[in-house]
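Following: one structure in structure tokens, then a few remarks.
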Amino acid sequence: MEADIDHVLITEEQLGAKVRELGARLTEDYDGKVPILIGALNGATLFMSDLVRACRILLSIDFIAVSSYGSGTRSSGVVRILKDLDRNIEGRHVLIVEDIVDTGLTLSYLIESLSARQPASIKICALLDKAERRVANVPLDYTGFQIPDEFVVGYGLDYDDLYRNLPYIGVLKPELYRG
Ligand code: 5GP
């Protein structure tokens, strides 16, 4: 698996430190609000599980799955809900937890869909931000790292459903997906 990685972009230690920092900010900002953290499946699962353990407040969690790239590496812009929330979010403080925001199309669809359910507030926490590729204007309230326009895998992010279990964020050797 690791032989397929061209280079490491963000180390395991950097990820750990950033998650602790984000958790401390969320602990302060959401104290007493009992937020519901909504993880975007499947990419955000590892980030989500570390993030909630860094939050020292009462909170609930739920997951939503929306379609994204399939086995390609570029956003299609066509978004569908594949698995909806289990909980009612009306009147709740919602924090969407995303692995990566690229064009922002997936997230803008998600915000629109969840806003219609009348939560008390909606904010976004994204681990990775590829700002230069943004098409949709989505406000990121909490961001882990700005990254360049390279296709990354690891820490929940996949290529063709593989590499999610890498403990760091790495760039795949281009020949593996361009071929
Ligand atoms: P967007 O709609 O913002 O263009 O794309 C968001 C989704 O595309 C992410 O949740 C993720 O599933 C996928 N994605 C975007 N960039 C990358 C990347 O560099 N690596 C991987 N593995 N997935 C990506």
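One-based numbering, in listed order, for ligands and for the atoms of each.
- The ligand atoms of ligand 1 that sit less than 4.0 angstrom from a heavy atom of Leu105 are 2 (O), 3 (O).
- Using a 4.5 Å heavy-atom threshold, the side chains of Ile36 and Leu59 count as separate.
- Between Tyr159 and Phe151, the two ring planes are perpendicular [angle over 60°; tilted spans 30° to 60°].
- Residue contacts with ligand 1 leave out Arg134, since none of its heavy atoms falls under 4.0 Å from the ligand.
- Electrostatic pairing of Lys123 and Asp29 does not count as a salt bridge here, judged by no charged N lying under 4.0 Å from a carboxylate O.
- In terms of polar-atom proximity, defined here as any N/O pair under 3.5 Å, Gly104 does make such a contact with ligand 1.
- Here the shortest heavy-atom pairing between Val97 and Ala44 reads O-CB, 3.4 Å.
- Ligand 1 places these atoms under 4.0 Å from at least one heavy atom of Thr106: 1 (P), 2 (O), 5 (O), 6 (C).
- Remark: ligand 1 atoms within the under-4.0 Å shell around heavy atoms of Glu150 are 19 (O).
- Residue Asp99 touches ligand 1 through its side chain alone, judged by heavy-atom distances below 4.0 Å.
- Met48 CE to Asp62 CG: the interatomic distance, rounded to the nearest 0.5 Å, is 8.0 Å.
- Looking at Val153 next to ligand 1, no N or O pair under 3.5 Å apart turns up.
- Taking every heavy atom of Asp158 and a limit of under 4.0 angstrom, the matching atoms of ligand 1 come to 21 (C), 22 (N).
- Here Arg92 contributes atom CZ and Leu85 contributes atom CG; the two are 11.0 Å apart, rounded to the nearest 0.5 Å.
- One side chain, Asp50 or Tyr155, offers a donor N or O that lies under 3.5 Å from an acceptor on the other.
- When the heavy-atom distances from atom 18 (C) of ligand 1 to Tyr163, Tyr109, Phe151 are ranked, the shortest goes to Phe151.
- Near Leu157, with a cut-off below 4.0 Å to any heavy atom, the atoms of ligand 1 are 21 (C), 22 (N), 23 (N).
- Residues Lys173 and Asp4 are not paired through a salt bridge, judged by the lack of any N-O separation under 4.0 Å between the basic side chain and the carboxylate.
- With a 4.0 Å cut-off on non-hydrogen atoms, Glu98 touches ligand 1 through its side chain and not its backbone.
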